[in-house]
Amino acid sequence: MSNVPSILNPTEEDIQLLLSAQCHIGTKNVTTRMTPYVFKRRADGVNLINLGKTWEKLIFAARVIAAIENPQDIVVISARPYGHRAALKFAKYIGAEAIVGRFTPGTFTNYITRSFREPRLIITTDPRTDFQAIKEASYVNIPVISLADTDALLQYVDVAIPTNNKGKHALGLIYWLLARAVLRLRGTLDYATPWEVMVDMFFYRDPEEAEKEQEAAAALEDEEAAEPTGDWAVEGAEGTIAANADWSAPTDWAEDGVVQSTTEAAASSSWDA
């Protein structure tokens with residue numbers, strides 16, 4: 001590790017999270033400027049990223065972000081769909097502004113546009129998909145922090161965080177760790193206490209899966225609500241049958257009594273004979 005305070009060093013749990021999210025899995029291609037961050041190359045041709053250098057650049061980026069006095073002067077950009085949720089959550093917790101989806105050309109250079117902004121720092125998810133924002137930032141001297149895979153082009157990028165920026169779990173975890181580091185450097189979060197925000201909040205969720213979960217929950221609620229209604233319906237049906245019985249038919253109780261007494265008398269006489 002670099003010459004930083006020991007409190008900033010990663011814990012064993014942090015390394016396990018990085019490994020489980022596959023932040024160290026790169027691509028088969030590697031650029032010249034990303035070569036120092038590659039640990040080794042596997043037999044199948046995939047380059048593995050050095051997690052020690054990933055953590056160093058993560059803490060360095062967090063120190064740069066914490067140095068910005070007004071967090072609203074920071075813009076987080078993500079054109080990659082897997083990074084939308086992570087960028088929005090990261091911007092929410094550090095107080096920055098997020099631009100997800102398509103980046104409108106001229107946002108940093110054309111002051112006539114409605115979406116014109118003058119940030120002091122921008123954070124991008126991928127140098128390839130967010131190159132329009134990085135290029136405009138270079139025109140107006142805005143520093144750039146970007147997540148970078150092994151095949152990334154680092155043109156106009158000032159601080160590159162080497163990591164897997166193509167997986168939804170890797171992107172969510174890196175943004176979660178970066179937000180936690182920024183809050184700790186600002187003093188709003190203690191190093192000894194864990195952050196109450198779960199890393200799952202930063203993971204991308206498929207809209208179809210979310211709809212299926214909502215439909216399943218709604219169906220379960222409907223079933224629970226329908227069970228007592230069925231019991232009452234049966235009881236109501238019995239009451240309806242009883243109510244529909246023909247109680248108005250004329251019945252002569254005196255005649256029934258005469259017939260019964262006559263029958264009993266005939267039976268006793270036959271036995272006496």
Side-chain angles (χ1 to χ4, degrees), residues 1-2 4 8-62 76-90 100-101 103 122-135 144-181 198-209:
M1 297 295 292
S2 59
V4 297
L8 298 177
N9 292 335
T11 61
E12 184 178 355
E13 183 181 358
D14 296 334
I15 299 299
Q16 289 179 355
L17 287 174
L18 290 169
L19 290 173
S20 61
Q22 296 184 346
C23 293
H24 64 295
I25 304 296
T27 61
K28 292 186 177 181
N29 299 326
V30 58
T31 59
T32 303
R33 296 185 64 182
M34 289 299 297
T35 303
Y37 303 112
V38 176
F39 174 66
K40 73 172 187 177
R41 187 172 184 174
R42 292 192 315 198
D44 57 355
V46 176
N47 295 283
L48 301 180
I49 299 172
N50 189 341
L51 290 181
K53 295 188 176 182
T54 299
W55 186 264
E56 288 181 6
K57 299 305 287 285
L58 182 76
I59 296 300
F60 180 53
V76 187
I77 302 169
S78 176
R80 189 180 292 276
Y82 280 177
H84 287 185
R85 185 180 176 90
L88 290 170
K89 292 292 184 181
F90 175 78
V100 297
F103 179 81
I122 70 169
I123 305 169
T124 61
T125 303
D126 189 359
R128 290 185 182 274
T129 58
D130 302 324
F131 185 72
Q132 177 67 31
I134 295 174
K135 191 173 182 180
V144 177
I145 298 175
S146 179
L147 309 183
D149 212 332
T150 56
D151 61 346
L153 298 175
L154 301 183
Q155 187 179 14
Y156 307 128
V157 175
D158 299 291
V159 178
I161 303 175
T163 181
N164 175 14
N165 62 2
K166 296 176 176 60
K168 57 183 179 180
H169 295 121
L171 281 174
L173 178 63
I174 288 295
Y175 272 114
W176 182 80
L177 290 173
L178 189 59
R180 189 186 67 174
M198 300 295 294
V199 68
D200 301 6
M201 298 292 292
F202 286 68
F203 290 162
Y204 169 81
R205 293 188 63 188
D206 189 1
E208 294 181 358
E209 293 181 1

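All figures in this text were calculated on a predicted structure; none of them were measured in a lab.
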* Let me know which of N165, V157, L147, I77 forms a side chain to side chain contact (heavy atoms under 4.5 Å, CB included) with T124. => I77

* **S78 (side chain) donor-acceptor with V100 (main chain) under 3.5 angstrom** => no

* Asked: Does atom CZ of F60 have more than 12 heavy-atom neighbours from other groups under 6.0 Å away?
  -> no

* **Any donor-acceptor pair under 3.5 Å from T31 side chain to L153 backbone** => no

* CD1-NZ distance between I145 and K57, expressed to the nearest 0.5 angstrom -> 10.0 Å

* Is the count of non-hydrogen atoms from other residues, nucleotides or ligands lying under 6.0 Å from Y82 atom OH greater than 12? -> no

* Euclidean distance, L51 CG relative to T163 OG1, rounded to 0.5 Å -> 8.0 Å

* Asked: Just wondering, are more than 12 heavy atoms of other shown residues or ligands nearer than 6.0 Å to NZ in K135?
  -> no

* Asked: For K28, does its backbone N or O pair with a side-chain atom of D151 as donor and acceptor, under 3.5 Å?
  -> no

* For P36, does its backbone N or O pair with a side-chain atom of K53 as donor and acceptor, under 3.5 Å? -> yes

* Give a yes or no on whether the backbone of H24 and the side-chain of N164 come within a donor-acceptor separation of less than 3.5 Å. => no

* To do: Without swapping roles, check the side chain of T27 against the backbone of N29 for a donor-acceptor pair under 3.5 Å.
  => yes

* Asked: In Å and rounded to the nearest 0.5 Å, what is the CD1 to NZ distance from I25 to K166?
  -> 12.5 Å

* Can you tell me if CZ on F39 sees more than 12 non-hydrogen neighbours from other groups inside 6.0 Å? -> no

